[in-house]
2 protein chains.
Amino acid sequence: MAALSQKHDVFHAIADPTRRKLLKLLADEELSVTVISEQFPISRTAVSKHLRILAEAGLVKERKVGRETRYRLEPTPLIELKQWLSFYERFWDNKLAMLKHYVENEEMSQWSRAERKENDEKK
Amino acid sequence: MAALSQKHDVFHAIADPTRRKLLKLLADEELSVTVISEQFPISRTAVSKHLRILAEAGLVKERKVGRETRYRLEPTPLIELKQWLSFYERFWDNKLAMLKHYVENEEMSQWSRAERKENDEKK
DNA sequence: ATTATACGAAACCATTTGGTTTCATGTCAA
DNA sequence: TTGACATGAAACCAAATGGTTTCGTATAAT
């Protein structure tokens with residue numbers, strides 16, 4: 001039921017580094033295509049195409065505001081990825097891997113917490 | 001440090017459904033190329049190429065045994081994926097998403113448990 | 001020694017991908 | 001109303017992708 005033969009699934013969508021950067025960028029704010037494009041060395045049209053692929057995978061939502069099209073992150077489809085990963089976690093019984101995973105998650109949490117604080121203050 | 005500009009990173013490697021099926025197949029057992037190929041509708045050569053891509057991403061290890069080449073799962077690079085995902089879990093504070101995530105993980109755990117049991121009995 | 005098996009390398013092919021430039025259209029501002 | 005801005009559509013292109021078939025070579029079996 002997760003992926004009903006969408007043309008672009010989550011796995012495909014996040015395979016491209018540009019699209020992963022797009023997701024990160026849209027995590028905090030809703031942004032217009034032009035503003036987003038300024039962050040990338042490629043053309044606005046190219047960015048627009050990536051955004052559509054992300055939208056087809058359900059990872060971003062678009063909203064028309066006047067002549068702008070604004071995008072924001074929609075993280076729910078990542079659940080499918082999480083679910084897929086969970087199958088392999090049982091093979092991580094290697095102690096070193098578990099430790100590495102733990103440490104990296106801690107680092108990541110701290111950083112994310114700071115990001116959220118920053119985001120909350122903007123509202 | 002995670003991905004030192006490998007030609008094929010984890011994100012790219014798991015983007016293809018055939019390669020995801022390969023990983024699942026190799027989770028339980030070490031298998032030879034021919035035996036693996038029998039599980040797929042494509043040629044042995046095509047499967048072999050997919051296996052090399054997975055190997056380049058570090059997701060499988062190969063071992064020569066006589067004239068055979070056997071592959072097995074190497075799950076550690078998936079940590080990078082887990083780490084990447086952890087950043088977005090922060091945005092799952094939507095209650096429905098959390099619930100969905102919880103339920104699906106429970107289902108998956110049960111299934112994994114059954115698989116593991118089956119695997120243990122084979123040994 | 002000969003034959004069969006397991007595999008990778010190579011050449012090839014169609015389709016997809018990620019990018020471009022150009023053009024048309026809708027919306028905002030003067 | 002006239003012009004500037006924001007965007008998507010379309011046509012195009014080179015390279016990557018996912019597949020094939022053919023062939024060579026190493027190993028195992030008879």
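Scope of the values below: all heavy atoms of this structure, side chains included, with no hydrogens, waters or symmetry mates. Letters A, B, ... mirror the listed sequences (proteins, then strands); counts begin at 1.
- In this structure, B:Ile53 places its CD1 atom 15 Å from C1' of C:dG8, rounding to the nearest Å.
- For A:Ser48, whose side chain is taken as the heavy atoms from C-beta onward, the closest listed nucleotide among D:dG8, C:dC7, D:dT22 is D:dG8.
- Using a 4.0 Å cut-off, no side-chain N or O of B:Ser43 falls inside it from OP1 or OP2 of D:dG19.
- Regarding A:Arg52, its CZ atom lies at a distance of 5 Å from the P atom of D:dA9, rounded to whole Å.
- Nucleic acid contact class of A:Arg70 (heavy atoms, under 4.0 Å, all strands): none.
- The minimum heavy-atom distance linking B:Ala57 with B:Ala13 is given by the pair CB-CB, 3.7 Å.
- As judged by a 4.0 angstrom heavy-atom cut-off over every strand, B:Ser32 is placed among residues touching the sugar-phosphate backbone only.
- Separating the CD1 atom of A:Ile42 from the P atom of D:dC13 is a distance of 20 Å, rounded to the nearest angstrom.
- Distance CG (B:Leu51) to P (C:dC7): 10 Å, rounded to an integer number of Å.
- A cation-pi contact links A:Arg90 to A:Phe87, judged by a cut-off of 6.0 Å to the six-membered ring centre and 45° from its axis.
- Although no hydrogens or angles enter the test, the distance criterion places a donor-acceptor pair under 3.5 Å between the side chain of A:Ser86 and the main chain of A:Gln83.
- Atom CD of A:Glu62 and atom P of D:dA6 are 17 Å apart (whole Å).
- The side-chain heavy atoms of B:Arg20 and A:Trp84, taken from C-beta on, include a pair separated by under 4.5 Å.
- Distances shown here put a side-chain N or O of A:His12 below 4.0 Å from the OP1 or OP2 atom of C:dT17.
- Put simply, CD1 on B:Ile36 is 13 Å from P on C:dA6, counting in whole angstrom units.
- When all heavy atoms of A:Leu25 and A:Phe40 are compared, the closest pair comes out as CD2-CE1, 4.0 Å.
- Taking every side-chain heavy atom of B:Glu68 into account, C:dC7 is the closest of D:dG19, C:dT22, C:dC7.
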#### Entry: Test log, rule side-chain contact (heavy atoms from CB on, under 4.5 Å), inputs A:Leu22 and A:Val60
CA-CA 10 Å; A:Leu22 277 168; A:Val60 298; over 6 Å; no
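- The side chain of A:Thr45 lies closest to C:dT22, out of D:dT7, C:dT22, D:dT21.
- Among the nucleotides D:dG18, D:dT7, C:dT20, the one closest to any side-chain atom of B:His50 is D:dG18.
- The aromatic rings of B:His8 and B:His12 lie parallel to each other, with less than 30° between the two planes, well short of the 60° mark.
- The nearest heavy atom of DNA chain C to A:Arg44 and to A:Asp16 marks one nucleotide each, and the one closer to the 5' end goes with A:Asp16.
- Between B:Leu31 atom CG and C:dC7 atom C1' there is a gap of 16 Å when expressed in whole angstrom units.
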### Per-nucleotide protein contact string for nucleotides 24-30 of chain D, where B marks a base within reach and S marks sugar-phosphate only (heavy atoms under 4.0 Å, - for neither)
---BS--
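- Rounded to whole angstrom, the span from the NZ atom of A:Lys49 across to the P atom of C:dT20 amounts to 9 Å.
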